[in-house]
Number of protein chains: 2
Amino acid sequence: MSNARRSSAPTLEDVAQIAGVSRALVSLVMRNSPRVSSESRRRVTDAATKLGYRPNLMARNLAARKTMTIGVLLNDLHNPWFAEVTDGIHDAAEGHGYQLILASGRRTPRLESRALDTFLASRVDGIIVAGCRLPAARLDAVATEVAVVSVGRALPKTSVGSVTTDDAFGARLAVEHLYELGHRRIAHIDGGKGAGALPRRSGYLRTMRTLGLSDKAQVVAGDFTEEAGARGAERLFRGQVLPTAIFTANDLSAVGAIDVVERRGLDVPDDISVVGFDNTSLAALNHIGLTTIDQPRYEMGAAAATMLIDAINDRGALSDVSMAPSLIVRRTTARAAKAQQPATRSRQRSSVIRAAPTAPARSPSEAKTS
Amino acid sequence: MSNARRSSAPTLEDVAQIAGVSRALVSLVMRNSPRVSSESRRRVTDAATKLGYRPNLMARNLAARKTMTIGVLLNDLHNPWFAEVTDGIHDAAEGHGYQLILASGRRTPRLESRALDTFLASRVDGIIVAGCRLPAARLDAVATEVAVVSVGRALPKTSVGSVTTDDAFGARLAVEHLYELGHRRIAHIDGGKGAGALPRRSGYLRTMRTLGLSDKAQVVAGDFTEEAGARGAERLFRGQVLPTAIFTANDLSAVGAIDVVERRGLDVPDDISVVGFDNTSLAALNHIGLTTIDQPRYEMGAAAATMLIDAINDRGALSDVSMAPSLIVRRTTARAAKAQQPATRSRQRSSVIRAAPTAPARSPSEAKTS
DNA sequence: GTGAAAGCGCTAACAA
DNA sequence: TTGTTAGCGCTTTCAC
């Protein structure tokens with residue numbers, strides 16, 4: 001560390017001056033227009049580098065009436081799901097010459113709302129909201145001013161486009177998987193008001209009903225965080241009968257729930273099976289080996305960006321696309337024990353034994369770690 | 001999804017017109033200046049809401065010659081360390097009235113560099129780079145145009161301020177902890193060119209030397225990712241003698257290494273102890289229970305933002321601050337086995353047994369999960 | 001307290 | 001191919 005800072009950045013005018021040409025010519029060169037003689041081009045670029053000239057984006061965007069920028073609102077930087085979706089958005093946007101500006105909502109509607117205001121004030125050409133929890137009406141209002149697409153949450157009856165997975169079907173896959181393993185008492189720790197939480201919850205309930213398990217269905221409140229998963233599991237332990245399986249609204253919650261189960265001296269999956277949702281990198285960690293429902297996160301991000309950019313350029317309308325989820329079986333689910341009720345149920349954290357599945361690894365279809 | 005989009009946003013002029021006042025007055029109201037009569041204020045705000053007026057940030061910033069925005073370059077959205085640092089930056093910046101615009105470098109110097117260019121072109125008032133891998137010279141050049149502070153990596157002899165932890169000391173804590181548990185053959189999977197990787201590596205080497213363990217020191221190349229941790233561990237397994245302990249450059253790598261160790265049929269910590277670095281939320285997951293070196297991530301982010309903002313407003317100079325790391329003992333480290341060489345060393349992934357520490361939990365100082 | 005006028009740095013017709 | 005001329009929407013003196 002030491003010091004030095006510029007006084008005032010050079011402008012187009014400065015460059016034009018020392019290159020001995022007009023401002024318009026410099027402008028053309030900066031946007032590398034083909035209709036410039038190579039001689040002029042050289043003189044301009046020379047002058048520019050000599051001055052350390054850098055076009056002022058604000059001035060450019062103000063004059064051009066577009067920004068070639070898309071604002072991306074991420075609900076929770078702590079959840080790897082968002083990183084993975086963002087990669088997809090990034091690559092697709094870059095391919096079309098668009099820049100990204102990211103904002104973090106920190107799972108707080110107030111901050112999400114403010115971030116949207118900033119995007120609008122910055123006149124971004126389009127907005128992608130990922131896992132956004134804001135009311136549909138709010139998003140629809142934003143969509144009045146600029147094209148918006150939502151990832152991870154459908155917004156029917158609004159002008160907001162969406163790319164989601166079929167959450168209800170994903171929930172069904174999870175429940176059916178557990179059912180086939182012999183589980184009946186299957187609980188669900190939900191995602192509260194989070195994006196996609198509702199269809200996952202109703203998908204769970206519907207499937208339980210279809211399987212004739214309505215009386216055994218049990219939903220506890222969560223919010224897509226690890227802490228919520230832990231709290232949810234604690235809640236289950238406080239109940240009369242313990243479930244033999246837990247289906248959580250996302251991977252983060254699943255990890256929280258597993259911790260609690262093991263802390264209670266029970267084993268996953270021998271005593272209680274757990275299925276997550278998302279198939280984030282977290283689930284894929286071999287050390288966690290979470291059975292979960294895969295969402296094609298990267299592809300979802302890419303699809304959202306492509307749809308948005310097409311809409312911006314009037315090459316297509318916003319729509320609602322739903323991608324197929326799939327079951328990824330790893331090591332947190334196993335055949336239900338004979339006894340409906342797990343054997344041990346010590347309260348204190350006796351030495352925690354995490355054994356491998358007794359059965360040989362069931363189709364360890366380790367999907368791409370993204 | 002359906003449709004509708006605005007034609008052209010209302011401007012200050014429009015508002016002034018229908019409020020029956022001058023543009024300047026509207027401007028004052030928008031920036032809520034105190035020298036406006038409440039009557040005028042009311043008329044203006046009424047007109048503004050009626051029109052759905054929203055100040056154009058580009059125009060404002062262009063005219064005001066400042067943006068009240070700080071650009072934050074995050075090296076890797078997939079690593080929770082960045083989310084945690086960002087929270088600190090966010091809160092501190094907000095407290096001073098600054099906005100954030102985030103950019104993801106995706107662990108790619110080319111993208112990091114481009115993001116910096118965008119920040120400069122956008123005329124942000126200051127820049128924070130977190131875990132940035134760009135050459136010091138490049139960052140120093142940027143620092144010529146705007147105040148820059150780096151989190152997680154010191155940049156001596158440049159104009160870039162920095163907030164780091166004492167990485168070398170952290171490495172020493174890790175090695176000494178292992179030494180006290182009886183380990184001698186302690187390997188290090190490093191962070192390559194990553195931020196902070198160098199001091200961690202040299203801290204490791206120096207401590208090994210101090211402990212008279214130079215001949216047993218072994219460094220394998222990594223890059224702060226889980227994959228690199230796994231590759232590094234594989235490399236160790238290919239060696240003549242296996243270490244009894246591994247110190248990795250960060251938590252992500254530690255998790256990768258642990259996976260490989262267990263895949264090889266060995267136990268962590270009974271056969272091989274592992275220590276990470278960062279104490280991210282990942283390490284704190286009970287299910288992982290990684291012994292690691294804590295960095296006060298939130299505080300580092302906040303300190304960086306505060307330092308930057310002070311510098312922007314000439315209330316202080318950029319400097320290099322280093323925060324103290326600390327050892328967090330969880331469950332991936334244990335007393336070294338009697339035999340120098342671990343017993344089993346099966347090649348195939350025999351049933352993986354993950355046992356709890358045989359010794360009762362050693363000071364489970366679960367630091368704040370941030 | 002309010003208005004008029006002059007830019008901020010650039011793009012976009014249109015002329016030449 | 002290059003230069004001229006208007007703005008883009010806002011802030012900021014500086015009068016009144």
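The figures here come from the full heavy-atom set of this structure, side chains too, leaving out hydrogens, waters and symmetry mates.
- Residues Asp125(A) and Met68(A) are in side-chain contact: their nearest non-hydrogen atoms beyond the backbone lie under 4.5 Å apart.
- Counting heavy atoms from C-beta outward, Lys193(A) and Asp223(A) have side chains that stay 4.5 Å or more apart.
- When the side-chain nitrogen and oxygen atoms of Ser27(B) are compared with OP1 and OP2 of dT11(D), one or more of them lie within a distance under 4.0 Å.
- What separates CG of Asn32(B) from P of dG1(C) is a distance of 16 Å, to the nearest Å.
- Between the CZ atom of Arg43(B) and the C1' atom of dT2(C) there is a distance of 12 Å, rounded to whole Å.
- For Ser40(A) and dT2(D), the shortest distance from a side-chain N or O to OP1 or OP2 is below 4.0 Å.
- Taking atom CD of residue Glu13(B) and atom P of nucleotide dC8(D), one finds them 9 Å apart after rounding to whole Å.
- Side-chain contact between His90(B) and Leu111(A) is present, with heavy atoms from C-beta onward closer than 4.5 Å.
- Of the residues Val72(A), Ile127(A), Ile128(A), the one that meets the side-chain contact (heavy atoms from CB on, under 4.5 Å) test with Leu308(A) is Ile128(A).
- Look at CG on Leu28(A): it is 13 Å from C1' on dT4(D), rounded to the nearest Å.
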Detail all sub-3.5 Å separations between protein N/O atoms and N/O atoms belonging to nucleotides 7-9 of chain C.
from, atom 1, to, atom 2, distance (Å)
dC8(C), O2, Ala63(B), N, 3.4
dG9(C), N2, Ala59(A), O, 3.4

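- Using a 4.0 Å cut-off between charged nitrogen and carboxylate oxygen, Arg114(B) and Glu94(A) count as a salt-bridge pair.
- By the 4.5 Å heavy-atom criterion applied to side chains, Leu116(A) and Arg138(A) are counted as neighbours.
- For the pair Met30(A) and Arg35(B), nearest-nucleotide mapping onto DNA chain C gives the more 5' position to Arg35(B).
- The nearest whole Å value for the distance from the CD atom in Glu39(B) to the C1' atom in dT2(C) is 13 Å.
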